[in-house]
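Computed over heavy atoms, backbone and side chain alike; hydrogens, waters and symmetry mates excluded. Both ligands and their constituent atoms are indexed starting at 1 by order of listing. Numbers here are sequence positions counted from 1.
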Amino acid sequence: MASTKSRNAAQERWLILRNTLLKKKPVSEVSHSSIRVHNSLDLFTVGKYQSKENLDNNEWFKYTLRNIESQENASISALIRRPSSKISLEDLQVADNTGNICIWASEQAMSCYLVKNLDHFRNSSVIELGGGYSCLAGVLLAKYGSLQQMLLTDGDENAVNNVKEISLHNKLPNTEVAHFKWNNVGMLSRYAYTFDYVLASDCTFRDDQRMPLVTAINILLKLNGEGIIFSPKRGVTLNDFVLKAESVFGKGNVSVIDKYDDNIWNSHMTKLGLSTYNHELHYPIFVRICKR
Ligand SMILES: C[S@@+](CC[C@H](N)C(=O)[O-])C[C@H]1O[C@@H](n2cnc3c(N)ncnc32)[C@H](O)[C@@H]1O
């Protein structure tokens, strides 16, 4: 039987989808407490962005990382476009639309981790899988990481079209954006053994997609490449992903890291007693995979 906590979590997630579908309120206000809870890490300041050229009719926001600056003491930020199109019932039936709802806490935690470790990524080739409508972490890494190559991807066409606009307006160097399903044989063979790093956040919750994700990471990585995966524990789902990754990459090559950032960890510890905070759903865990 499902526990009260997991029932509440499922109800909470459905409420977000339902309100988005009905478009009762703008996405940013949908189920205010749920969105806020899911995005409770508070790592970014988010301000509405209106350029002189008025980029387009969509809403644009400037996401600026709190308390982290570049080597030139400038703030670290990206312009992010929010998808405006109403999600139809058909969209929900035929596709995984979770990437068009909000930027989940795992994407934000992964952004913070990447930006704090920019030196690791210099001259490397990187792909983000399932980046949703923002690919925020990949966008920030492409903007500040001096990469050789960045490929921003998702399996949903609407999300990918939005990321194309984001890539253009942030003038991301050496960056391409592509529609990429993890089990697409054509894409996997085209990019086999290409990347030093594969990024993915909050992509381990669907039972039928965990093994395809592990397989894709294995095919896409070069030898000695690294998978950087952030996801909440969410029932048995993350553990199952880890077991599947261990079966492919070997037990010693998969690390599960709870404490990857002091600020995020301290904020998590202070929230542990709150009734709105369910660490299984809201705290992103870092899984590092090494391909040997
Ligand atoms: C919960 S969302 C996470 C989005 C983003 N990474 C974030 O954390 O904000 C899961 C994403 O995985 C994508 N996805 C699900 N199954 C996929 C597949 N088989 N191939 C590619 N993308 C997939 C969805 O389109 C969605 O954008």
Side-chain angles (χ1 to χ4, degrees), residues 9-10 12-14 16-17 20 27-28 30 34-35 37-41 43-44 46 61 63 78 80-83 85 87 91-114 126-141 151-164 166 177-188 191 198-217 219-220 227-235 237-238 241 244 281-287:
E12 197 174 80
R13 206 169 175 96
W14 169 242
I16 297 173
L17 280 167
T20 306
V27 171
S28 52
V30 168
S34 305
I35 293 281
V37 167
H38 282 285
N39 288 303
S40 56
L41 296 177
L43 297 174
F44 287 86
V46 183
F61 293 83
Y63 278 69
I80 298 296
R81 180 192 200 244
R82 286 198 186 149
S85 59
I87 297 173
D91 284 339
L92 278 182
Q93 284 168 336
V94 301
D96 174 349
N97 252 301
T98 53
N100 289 319
I101 293 169
C102 64
I103 304 176
W104 299 94
S106 296
E107 187 79 23
Q108 301 182 33
M110 186 162 76
S111 302
C112 186
Y113 170 80
L114 297 176
V126 184
I127 182 170
E128 177 163 7
L129 298 175
Y133 79 77
S134 74
C135 285
L136 178 63
V139 165
L140 287 168
L141 186 59
L151 183 57
L152 303 171
T153 75
D154 194 84
D156 177 76
E157 294 277 5
N158 292 332
V160 170
N161 289 336
N162 202 63
V163 177
K164 282 182 179 164
I166 291 172
V177 182
H179 180 243
F180 192 162
K181 288 233 183 234
W182 307 325
N183 52 0
N184 182 315
V185 178
M187 288 295 269
L188 287 174
Y191 290 105
V198 175
L199 315 176
S201 75
D202 211 339
C203 289
T204 56
F205 65 95
R206 275 187 54 178
D207 294 345
D208 61 337
Q209 292 303 316
R210 285 192 284 277
M211 199 60 216
L213 179 58
V214 169
T215 307
I217 294 169
I219 293 174
L220 295 167
I228 296 178
I229 315 301
F230 280 74
S231 273
K233 194 168 176 224
R234 199 174 280 128
T237 60
L238 185 62
F241 173 80
K244 286 182 163 61
L281 293 175
H282 301 141
Y283 185 70
I285 292 169
F286 174 23
V287 179

Below 4.0 Å from ligand 1: does a non-hydrogen atom of Phe205 turn up there or not?
yes
How long is the straight-line distance from CG of Leu136 back to OG of Ser111, given to the nearest 0.5 Å?
3.5 Å
Value rounded to 0.5 Å, distance of OH in Tyr113 from CG in Leu141
11.0 Å
Closest to atom 26 (C) of ligand 1 by heavy-atom distance, out of Asn184, Asp208, Ile101, Asp154, is Asp154
Mind telling me whether Phe44 and Tyr63 have parallel, tilted or perpendicular rings, with 30° and 60° as the class edges?
perpendicular
dist Leu43:CG -> Ile103:CD1 (nearest 0.5 Å) comes out at 12.0 Å
I want to know if ligand 1 touches Trp182 in the polar sense, i.e. an N/O pair below 3.5 angstrom.
yes
Per-atom filter on ligand 1: closer than 4.0 angstrom to a heavy atom of Gly155 are 21 (C), 22 (N)
If we set the cut-off at 4.0 Å for heavy atoms, which region of Phe180 has an atom near ligand 1: side chain, backbone, both, or neither?
backbone
Gln209 neighbourhood, listing ligand 1 atoms whose heavy-atom distance to it stays under 4.0 Å:
18 (C), 19 (N)
Answer yes or no: does an N/O atom from Gly130 fall short of 3.5 Å to an N/O atom of ligand 1?
yes
Compute the shortest N/O to N/O distance between Thr98 and ligand 1 and return yes if it is under 3.5 Å, no if not.
no
Yes or no on side chain to side chain contact (heavy atoms under 4.5 Å, CB included) for Tyr133 and Arg82, after CA distance, side-chain angles and deciding distance?
CA-CA 7 Å; Tyr133 79 77; Arg82 286 198 186 149; 3.8 Å; yes
Which option wins on minimum heavy-atom distance to atom 3 (C) of ligand 1: Cys102, Ser201, Cys135?
Ser201
To the closest 0.5 Å, what do you measure between CG (Leu140) and CD1 (Ile80)?
7.0 Å
Return yes or no for this condition: an N or O of Glu107 is under 3.5 Å from an N or O of ligand 1.
yes
Are any of the N/O atoms on Arg206, whether in the backbone or the side chain, positioned under 3.5 angstrom from an N/O atom of ligand 1?
no
Rounded to the nearest 0.5 Å, how far does CZ of Phe230 lie from CG of Asp202?
12.0 Å
From OG (Ser201) to CD1 (Ile228), nearest 0.5 Å
11.5 Å
Using the side chain to side chain contact (heavy atoms under 4.5 Å, CB included) rule, pick out the option among Leu220, Ile219, Leu151 that qualifies with Val198.
Leu220
Counting from 1, what ligand 1 atoms have a heavy atom of Ile103 closer than 4.0 Å?
9 (O)
Go through ligand 1 atom by atom and flag the ones less than 4.0 Å from a non-hydrogen atom of Asp156.
25 (O)
Look at ligand 1 and say whether Ala159 reaches it with a heavy atom at a distance under 4.0 Å.
no
